[in-house]
Amino acid sequence: MFITLARDLKSTPLPVADDSRWARIVARDKSADGEFWYSVATTGIYCRPSCPSRQANPRNVHLHDTLDQARATGFRPCRRCNPDGPSLEAGNAAMVADACRFIEQSEEEPSLGELAAAAGRSAGYFHRIFKAVTGLTPKDYAAAHRAARVRQGLQDGASVTTAIYDAGFNSSGRFYEKSTGMLGMTPTRYRAGGANEEIRFAVGESSLGAILVASSQKGVASILLGDDPDALVRDLQDRFPKARLIGGDRDYEALVARVVGFVEAPALGLDLPFDVRGTAFQERVWQALQDIPAGRTVSYAEIAQRIGSPRATRAIAAACAANNLAVAIPCHRVIRKDGALSGYAWGAERKRALLDREAAPGGAVKAPADAYRSSRA
């Protein structure tokens with residue numbers, strides 16, 4: 001009798017509310033899709049775990065290990081989450097991918113109405129989904145694609161005029177209005193691979209190690225941190241392979257000293273012109289980083305929310321990694337959702353040191369007497 005009772009108890013399923021899978025349904029966990037399904041007796045439908053519909057009473061819910069089991073209930077598939085086919089998220093991703101190909105293959109920039117009509121969605125819905133998936137509006141994506149086509153054309157040796165029209169600009173005037181922002185220099189100079197562009201630089205020493213500051217005519221283009229000054233110079237050469245690197249004079253060394261002072265005492269601020277070179281999405285992320293006050297940290301997910309791209313956390317991390325202006329664009333203030341530091345291009349120890357000094361009263365750490373030294377090339 002005892003053996004029979006134990007077997008019966010073992011075969012009795014847990015109440016749905018006590019099953020670990022119910023918590024994943026409540027959380028609308030997308031990673032659970034395909035692992036199990038559930039049906040709701042009161043509505044006569046079955047769903048995937050991530051279904052966005054109103055939460056059902058667990059007493060009316062049955063869990064199913066396979067899709068066939070869910071279908072065997074005789075209920076109909078939910079129209080919102082489409083448990084028999086691809087998820088809404090996958091469908092939206094495919095729709096946006098098609099729209100991106102449409103933009104890339106169009107001779108001229110398509111309008112929002114044209115893109116939405118091709119996708120079979122309203123303009124407002126399409127715009128919202130496109131931005132959530134890519135991190136950019138359709139207009140910004142089209143502009144970034146055209147800029148990439150211009151850059152590729154110039155690198156392949158095409159004339160400036162040919163590159164402009166091949167990229168979909170219907171007039172050279174419209175292109176030249178935006179050319180410096182798109183290329184960071186004139187089209188002719190970009191075609192030459194940045195040849196003869198002058199990059200002035202100097203290497204200093206801070207409590208975080210060596211620091212290299214480099215500037216173009218537009219402003220500070222790089223702030224690099226590291227242990228080896230020579231390695232930083234080689235890194236700069238790799239970033240600007242065809243530019244003329246010029247060792248800084250005394251005036252420029254004074255600018256480097258200001259940057260070192262800012263690293264040592266973030267509360268001082270840093271009022272300098274910058275030459276920021278990145279994609280439209282990267283620049284949106286970097287602007288959001290500059291809005292984080294010293295002494296505060298935010299998660300990648302929070303940055304994604306702030307720029308209106310809540311699903312772009314991986315792209316946010318990639319933009320932080322691509323930042324060339326250490327400390328000035330404070331990617332060190334972005335941490336993981338669980339509070340862990342996560343990666344940092346210039347080392348986790350430097351990231352922790354920067355956060356500690358910013359959190360200190362006054363946001364400063366007294367620099368050693370020999371904190372600054374200059375190297376010329």
Side-chain angles (χ1 to χ4, degrees), residues 17 19-36 38 47-55 80-81 87-93 96 128-137 140-141 208 225 263 266 276 278-360 363:
D19 193 302
S20 61
R21 292 174 292 181
W22 175 246
R24 302 181 74 179
I25 294 172
V26 172
R28 296 182 170 88
D29 183 0
K30 294 181 176 61
S31 67
D33 289 349
E35 294 184 12
F36 64 93
Y38 71 95
C47 304
R48 64 177 70 242
S50 66
C51 182
S53 300
R54 183 178 178 182
Q55 182 179 314
R80 295 196 66 183
C81 68
S87 67
L88 179 63
E89 185 177 44
N92 285 339
V96 170
R128 183 171 67 255
I129 296 302
F130 191 98
K131 187 175 181 181
V133 173
T134 67
L136 297 172
T137 65
D140 285 341
Y141 183 89
L208 296 180
L225 301 173
V263 171
V276 180
T279 65
F281 178 78
Q282 287 172 336
E283 292 187 14
R284 286 173 56 212
V285 173
W286 297 338
Q287 182 57 58
L289 298 183
Q290 290 177 290
D291 292 337
I292 306 171
R296 296 279 302 278
T297 58
V298 300
S299 68
Y300 294 101
E302 287 177 87
I303 292 293
Q305 291 285 349
R306 292 185 185 187
I307 66 170
S309 303
R311 300 176 185 173
T313 51
R314 290 186 179 180
I316 301 295
C320 290
N323 172 27
N324 292 331
L325 293 162
V327 189
I329 295 179
C331 55
H332 61 276
R333 295 175 190 161
V334 187
I335 60 176
R336 283 172 37 180
K337 194 172 183 179
D338 61 5
L341 291 186
S342 73
Y344 186 54
W346 294 282
E349 291 183 1
R350 289 188 179 89
K351 183 171 186 174
R352 170 52 65 194
L354 286 167
L355 293 176
D356 287 346
R357 68 183 55 179
E358 288 182 353

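Any value given below was found using the heavy atoms of this structure, including those in side chains, with hydrogens, waters and symmetry copies removed.
- At least one donor-acceptor pair closer than 3.5 Å links the side chain of Glu302 to the backbone N or O of Ser299.
- The line from CD1 of Ile307 to CG of Asp291 is 11.5 Å long, rounded to the nearest 0.5 Å.
- Looking at heavy atoms from C-beta onward, Ile292 lies in side-chain contact with Arg306 at the 4.5 angstrom threshold.
- Residues Ser50 and Asp33 are in side-chain contact: their nearest non-hydrogen atoms beyond the backbone lie under 4.5 Å apart.
- Each of Glu358, Arg352, Arg350 was evaluated against His332; a single residue qualifies, Glu358, per the side-chain contact (heavy atoms from CB on, under 4.5 Å) test.
- Distance check, rounded to the nearest 0.5 Å: CD of Gln282 to CG of Leu289 gives 11.0 Å.
- Remark: side-chain polar atoms of Arg336 are not paired, donor with acceptor, to backbone N or O of Tyr300 under 3.5 angstrom.
- The side-chain hydrogen bond (donor to acceptor under 3.5 Å, both in side chains) search around Asn324 returns Arg239, not counting sequence neighbours.
- Using a 4.5 Å heavy-atom threshold, the side chains of Phe130 and Asp140 count as separate.
- By the 4.5 Å heavy-atom criterion applied to side chains, Val263 and Arg357 are counted as neighbours.
- Expressed to the nearest 0.5 Å, how far CZ of Arg48 lies from OG of Ser53 amounts to 11.5 Å.
- Leu208 is not listed as a side-chain neighbour of Val327, based on a closest heavy-atom distance of 4.5 Å or more.
- Cys51 and Tyr38 make their closest contact through CB-OH, 3.8 Å (heavy atoms, listed as atom of the first residue, atom of the second, distance).
- Counting heavy-atom neighbours within 6.0 Å of Glu349 CD, excluding the residue itself, gives a total of 12 or less.
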(message) For Tyr344 and Leu354: C-alpha separation, side-chain torsions, deciding distance, then whether side-chain contact (heavy atoms from CB on, under 4.5 Å) applies.
(response) CA-CA 11 Å; Tyr344 186 54; Leu354 286 167; 3.6 Å; yes
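- Of the possible polar contacts, none joining the Arg296 side chain to the Arg333 backbone as a donor-acceptor pair under 3.5 Å is found.
- A donor-acceptor pair under 3.5 Å is formed between the side chain of Lys351 and the backbone N or O of Leu341.
- Using modelled atom types, no side-chain atom of Arg24 and backbone atom of Asp29 make a donor-acceptor pair closer than 3.5 Å.
- Inter-residue side-chain proximity for Asn323 and Val285 is flagged as unmet; no heavy-atom pair is nearer than 4.5 Å.
- Of all heavy-atom pairs spanning Cys331 and Trp346, the tightest one is SG-CZ3, 4.2 Å.
- Pro52 and Cys81 get closest at one heavy-atom pair: CD-CB, 4.2 Å.
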